Amino acid sequence: MQEQPRSIGLIDCNNFYVSCERVFRPDLLTRPVIILSNNDGCAVSRSNEAKAIGVKMGVPVFKIRDLVKDHGIEVFSSNYVLYADMSNRVMSILSEYSPIQEIYSIDESFLDLTGFSDIRERARAMYERVVRDTGIPVCVGIGPSKTLAKLSNFVAKRHPKSNGVFNINLLSPGQVNSVLTNIPTEEVWGVGRKLTASLSEFGIDTVLQLRDADIASMRKKFGVVMEKTIRELRGEACIELEEMASAKKQIINSRSFGKSVGTIEDVQDALAHFVSNAAKKLRDQHSIAGMMQVFIQTDRFRTERPQYCPSVTIPLVMPTANSMTLQKWALAGLESIFRPGYLYKKAGVILSEICDASTYQGDLFASVPEDTEIMKVLDKMNARYGKGTIKLSQDGSRQSWKMRQEKKSPEYTTNWDEIPVCV
DNA sequence: TCTCCGATTAGAC
DNA sequence: CTAACGGTCTAATCGGAGA
């Protein structure tokens, strides 16, 4: 009996953020559309029409103002509440097609399809089902490793003939070679801009060349990750699916401000808000943090202004997830680094040395035990009555730093008050 | 010389 | 009209400090 190859599927939503907006605005289906990053900064999702016009991934929107005007590109702020909800719907449907699923990102999911006798039909079925039930178009790539599944997905997206589904396992060795020779190395998972350039110096420009390079010397030159990549390209599954999302080892919350601020009160207000968010994430994964970093930054693009980007690391004697404790230390840290006379554009907090809340023995001799109960109540109230129902006094009352979000669509699927009235 | 640490880099999305 | 370039996260690597 011949052993079946591993069949790993990678399902990727097409232009995900744009597709989410289009579900509720079918009039945009044939129009150029782009979605901006936080603070309405850069174009992070583009419809095919916008790509065709020449909107590059990640371009700052002020640099394409003329393009937007001349072609009537539809511009949206990011609506993460909507995208997260749509993502949940897509992921939940995909979970029906395999018992083993890894949700890799907001718009991507791996499925282990090994052992199914109907992989071809299964892939086609999920492809049709997701768009039917959610309105989000996807592409399905299948291969013997995650890296090849990703590459298959690239082929599915690129080749109209594939109709959105491509399985590299069904090709003869000769056919595989001809596919891989036509894909540049930069499309490989794990090969970014720098590696593409370095590889090119060694005469490696196509995926086929990379796959067939000598493993020992490539490992020496580029490290273990490169070795894994090459093995995966040869069909050896080195990177396993991770079904359970593991607890974060570091939690960052930071944001650029809508406009620069000069007073410590404004920065305090923002920082308190970021600490609240970070602490909530920490509690959500049942962790506590032993280290906190606070940083503030001036606007690095305004080079004519004086620049100042200090940070301070604060060890927490008692690791905690208590917003009040963390806020107190963060604000003390801020005092120590803040200098008047600068215009600050960004601030943030980093929680690290994270460990499980239940395993920590605690300080038996602490005079005042930490009040975790109050945090539980706060989280419950905010879950029940909406984010921000209860917050600490320092948190986000000034708003002077709030990010720009001028073109956000309604929260169609999660907020009664934002459902447009049909006419 | 070895190890540990923080900082930096590269990559993904 | 202005001013205008994102946010998290991980792993590898590097270089200095201290043992």
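Only a predicted model underlies this, so the values are computations on that prediction, with no experimental measurement involved. Hydrogens, waters and symmetry mates are skipped; everything else that's a heavy atom, side chains included, is used. Throughout, protein chains are lettered first and strands after them, A, B, ... in sequence-line order, and every chain is numbered starting at 1.
Taking both residues in full, the closest heavy atoms of N153(A) and C139(A) are given as ND2-O, 2.9 Å, listed atom of the first, atom of the second, then distance.
V59(A) comes within contact range of no nucleotide atom at all, as no heavy-atom separation falls under 4.0 Å. Using a 4.0 Å heavy-atom criterion, one finds that I251(A) contacts the sugar-phosphate atoms exclusively. Residue contacts shown for R255(A) are limited to sugar-phosphate atoms, with no base heavy atom under 4.0 Å away. Residue K346(A) is classed as a sugar-phosphate contact, given heavy-atom separations below 4.0 Å to backbone atoms only. Residue-level contact check: D40(A) touches neither bases nor backbone, having no heavy atom under 4.0 Å from any strand. Using a 4.0 Å heavy-atom criterion, one finds that K249(A) contacts the sugar-phosphate atoms exclusively. Backbone-only contact: L195(A) has heavy atoms under 4.0 Å from sugar-phosphate atoms and none from a base. The residue V225(A) sits close only to the backbone: its heavy atoms come under 4.0 Å of sugar-phosphate atoms, none of a base. As judged by a 4.0 angstrom heavy-atom cut-off over every strand, N38(A) is placed among residues touching the sugar-phosphate backbone only.
Remark: ring of F62(A) does not overlap the six-membered base ring of dC5(C) in a stacked fashion, as centroids less than 5.5 Å apart with planes less than 30° apart are not both met.
Across every strand in view, dC5(B) sits in a pair with dG15(C) that passes the Watson-Crick or G-U test at under 3.5 angstrom.
Taking side-chain N and O atoms only, S256(A) has a distance below 4.0 Å to OP1 or OP2 of dG7(C).
With both ends at atom P, the span from dA12(B) to dC5(C) equals 25 Å, rounded to whole Å.
Checking side-chain atoms of K146(A) against main-chain N and O of E240(A) turns up a donor-acceptor pair under 3.5 Å.
Comparing F222(A) and R65(A) by the nucleotide of DNA chain C whose heavy atom lies nearest to each, the residue mapping closer to the 5' end is R65(A).
Ring geometry for F202(A) against F222(A) counts as perpendicular: the plane angle is over 60°, on a 0 to 90° scale with 30° as the lower cut.
The closest side-chain heavy-atom distance from V75(A) to V68(A) is below 4.5 Å.
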